[in-house]
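This report refers to the structure that appears directly beneath it.
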Amino acid sequence: MKWAAFLWDGASGARRRPGVSNLLLVVAAASSGGLVAYADSGSDAAVEKPQLPQRKKVVVLGTGWGGTTFLRNLDSRLYDVQVISPRNYFAFTPLLPSVTSGTVEPRSIVEPIRRVLEKKGGEIKFWEAECFKIDPRNKKIHCRSNIGTNLDGNGEFLVDYDYLVVAVGARTNTFNTPGVVENCHFLKEVEDAQKIRRSVMDCFERASLPFLDEEERKKNLHFVVVGGGPTGVEFAASLHDFVTEDLSKLYPSVQHLVKISLIEAADHILTMFDKRITNFAEDKFGRDGIDVKTGYKVVKVSKDAITMQNPATGDISVPYGMAVWSTGIGTRPFIVEFMKQIGQGNRRVLATDEWLRVRECDDVYAIGDCATINQRRVMEDIAEIFRVADKDKSGTLTVKEIQDVLDDIYVRYPQVQLYLKSKQMNGIADLVRSAKGDAEKESVELNIEEFKKALSLVDSQVKFLPATAQVASQQGQYLARCFNKMKDAEEHPEGPIRIRGEGRHRFRPFRYRHLGQFAPLGGEQTAAQLPGDWISIGHSTQWLWYSVYATKQISWRTRMLVVSDWTRRFIFGRDSSCI
């Protein structure tokens with residue numbers, strides 16, 4: 001046995017001679033094992049370790065587009081980050097309609113959230129649980145786990161926070177229509193897409209049974225999609241391709257009985273797109289045999305029939321085999337309760353300011369489908385804007401004085417710039433001219449009433465953001481940047497002038513940058529509406545859709561899986577098994 005003894009300086013990590021160290025390290029090594037022992041060699045004073053500054057605790061609710069993008073961009077070394085979500089993965093939701101038809105496998109579009117957190121490094125904690133109550137007064141959230149129980153047997157636990165980021169998304173809005181929850185499928189989660197896929201196959205297998213009559217077969221093969229938005233249209237197109245390209249070969253005896261109906265309460269489908277895309281989609285669906293019923297409102301869904309209303313025809317009851325409900329989004333129940341606590345009970349969705357902070361609630365942020373930005377109106381602050389611009393306290397404003405604060409006004413109130421653009425005005429001088437004659441000269445002055453008149457219509461350009469993955473992702477990226485720079489921004493604010501108060505805001509407000517939107521219409525044809533009023537429709541746009549969606553995957557693993565699924569479909573067709 002060999003013995004080795006030396007002294008080690010615990011502060012510097014260097015070896016010391018006996019008598020100058022605080023700790024004595026004795027190592028005993030042998031062929032059968034070893035022993036490590038530590039002993040205090042000198043003073044009785046305890047070794048003081050340097051105290052690291054305590055990090056603020058950031059709790060993130062949700063692992064969707066907003067929450068995951070926030071986590072991927074957040075500097076986790078600055079905060080104690082904890083993530084809570086009922087699902088332990090991120091899902092690439094724009095490809096859910098492809099999952100329903102077997103074009104893409106469900107595991108190809110999901111990334112385990114722990115793998116995302118692992119790449120971040122640091123000690124980010126994740127709990128698979130569901131938040132059912134937020135207590136903003138005590139800065140605590142109440143959670144419930146469905147996979148384990150505590151000593152009380154109910155699986156509930158409390159988590160406190162310094163900052164709370166709410167990114168829980170939304171649920172499907174049924175508009176309290178009777179029978180929807182019990183009889184319709186939704187398309188919000190991966191599990192929904194898997195259920196729809198199995199249900200489609202069950203309808204074909206049931207229609208192929210020998211003891212059914214013709215009417216019963218038609219009923220089983222009538223697929224109804226309620227909602228003419230992007231999700232409903234893409235699902236109807238994807239289902240049509242699945243039937244015509246794959247299932248018609250496997251079920252030749254019943255393929256002529258298949259009917260796909262798309263029901264929309266508005267006068268047209270895809271109303272958020274350019275009219276050229278809307279008209280093309282309706283014409284194409286007509287050629288493909290998809291029955292588009294616009295102007296119909298579904299009032300009841302029973303086990304065997306859907307009842308809808310039309311001003312011209314009255315109530316119509318239609319038998320169906322499977323129905324998919326895709327008519328918009330609604331607020332989750334615990335968010336509704338939270339809104340009541342903070343005085344937002346009369347709203348339909350959680351309201352935030354332009355910095356994504358929940359109104360009337362400190363240190364709580366909300367991003368994604370669960371919230372909407374309540375843009376501040378110019379007319380609410382018109383007197384304060386006038387005061388800030390009137391630096392000489394003369395009671396009037398010149399064009400030059402307005403121009404001096406114009407950049408800050410544009411940042412704080414983007415509707416001003418949008419209004420000037422919509423009216424084809426070159427600048428503030430044109431806006432002032434509309435209120436008071438010739439304003440070419442900087443000496444022209446406006447009093448408060450004339451200033452109000454000049455800006456009285458700009459709030460008509462306030463826009464509400466759509467509930468899309470693109471918006472949630474940009475909000476998550478913006479909020480992470482704010483958290484990363486929060487300390488520096490306290491000393492060096494980069495935002496616009498505070499209209500009510502002194503100094504500047506810490507950050508510039510969130511601004512959504514629209515990068516375009518796609519509408520796959522089946523038959524390897526897609527419509528795209530891109531910035532600059534650029535419209536593209538056809539087979540070439542479908543390849544653009546492939547490239548964009550492959551690029552937007554959050555990992556190389558899912559990117560390769562999705563591309564391989566597309567390749568497999570081209571070669572072998574779609575899988576029709578009921579797994």
Side-chain angles (χ1 to χ4, degrees), residues 56-74 79-88 90-91 93 113 117 124-144 157-171 173 188-189 329-345 347-374 464-465 467-469 471-483 486 509-510 512:
K56 295 280 189 178
K57 182 185 293 185
V58 177
V59 176
V60 181
L61 298 180
T63 53
W65 279 97
T68 301
T69 306
F70 173 79
L71 291 168
R72 293 179 69 199
N73 290 275
L74 180 68
Y79 301 95
D80 177 11
V81 185
Q82 300 177 1
V83 186
I84 301 172
S85 175
R87 65 183 191 188
N88 68 344
F90 163 80
T93 51
I113 195 64
L117 301 181
I124 301 179
K125 304 179 183 68
F126 172 78
W127 295 299
E128 185 176 337
E130 183 177 11
C131 173
F132 64 91
K133 182 181 179 181
I134 299 176
D135 182 2
R137 182 187 297 271
N138 298 309
K139 288 193 171 185
K140 295 182 182 296
I141 57 173
H142 298 249
C143 303
R144 180 186 299 116
F157 58 95
L158 285 174
V159 177
D160 58 342
Y161 65 86
D162 295 308
Y163 300 110
L164 178 64
V165 178
V166 182
V168 295
R171 60 187 178 93
N173 192 352
K188 290 286 292 179
E189 306 287 348
I329 59 173
T331 307
R332 297 190 183 277
F334 86 94
I335 295 294
V336 174
E337 294 300 320
F338 174 55
M339 291 165 62
K340 292 178 181 178
Q341 293 182 61
I342 60 177
Q344 295 190 23
R347 299 184 60 88
R348 293 194 304 172
V349 66
L350 192 61
T352 71
D353 63 13
E354 298 88 332
W355 291 268
L356 308 182
R357 300 172 299 197
V358 174
R359 290 190 175 275
E360 315 300 335
C361 192
D362 295 333
D363 300 326
V364 179
Y365 301 80
I367 56 179
D369 296 354
C370 67
T372 186
I373 296 176
N374 190 10
F464 290 99
L465 299 180
T468 62
V471 172
S473 179
Q474 291 187 28
Q475 288 178 337
Q477 190 171 9
Y478 165 84
L479 190 60
R481 175 183 171 274
C482 292
F483 270 74
M486 192 172 292
F510 171 75
Y512 169 62

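The shown structure was predicted, so the numbers you read here are calculated from the model rather than taken from an experiment.
- Each of L117, D80, V83 was checked for a side-chain contact (heavy atoms from CB on, under 4.5 Å) with K125, and the lone residue meeting it is D80.
- By the 4.5 Å heavy-atom criterion applied to side chains, T68 and I113 are counted as neighbours.
- No side-chain heavy atom of I141 sits less than 4.5 Å from a side-chain heavy atom of K133.
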Exercise for the section: Show your reasoning for whether side chain to side chain contact (heavy atoms under 4.5 Å, CB included) applies to H142 and L158. Expected result: CA-CA 5 Å; H142 298 249; L158 285 174; 3.2 Å; yes
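- The two residues Q344 and A351 come nearest to each other via the heavy atoms OE1-N, 2.8 Å.
- Under the 3.5 Å distance criterion, the side-chain polar atoms of Q475 are left unmatched by any main-chain donor or acceptor of F510.
- Here the shortest heavy-atom pairing between R171 and P333 reads NE-CD, 4.0 Å.
- Side-chain rings of W65 and F90 approach one another, their centers coming within less than 6.0 Å.
- Dense packing is recorded around NZ of K57, with more than 12 heavy atoms of other residues, nucleotides or ligands lying under 6.0 Å away.
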Just list the side-chain donor-acceptor pairs under 3.5 Å for residues 358-371, sequence neighbours left out, or say none.
residue: R359; atom: NH2; partner: N374; partner atom: O; Å: 3.0
residue: D363; atom: OD2; partner: K139; partner atom: NZ; Å: 2.4

Exercise for the section: May I have the step-by-step check of side chain to side chain contact (heavy atoms under 4.5 Å, CB included) for K188 and I329, ending in yes or no? Expected result: CA-CA 10 Å; K188 290 286 292 179; I329 59 173; 3.7 Å; yes
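- Taking 4.5 Å as the limit, some side-chain heavy atom of L350 sits within range of a side-chain heavy atom of I342.
- Heavy-atom minimum distance, I373 versus D353: CG2-O, 3.7 Å.
- Rounded to the nearest 0.5 angstrom, T352 OG1 and L479 CG are separated by 10.0 Å.
- The nearest pair of heavy atoms linking Y79 to M486 is OH-CB, 3.8 Å.
- Q341 and I134 get closest at one heavy-atom pair: NE2-O, 3.0 Å.
- With hydrogens and angles disregarded, a donor-acceptor distance shorter than 3.5 Å links the side chain of R332 to the backbone of V168.
- The distance from the CG atom of L61 to the CZ atom of F334 is 6.0 Å, given to the nearest 0.5 Å.
- S473 places no side-chain N or O within 3.5 Å of a backbone atom of T69 that could act as its donor or acceptor partner.
- Contact of the V349 side chain with the F464 side chain is not registered, since no non-hydrogen atoms from C-beta on lie closer than 4.5 Å.
- Considering all non-hydrogen atoms of both residues, K140 and Y161 come closest at N-CE2, 3.4 Å.
- Panel note: side chain T331, backbone R348; a donor-acceptor pair is recorded below 3.5 Å.
- Rounded to the nearest 0.5 angstrom, F70 CZ and Y478 OH are separated by 12.0 Å.
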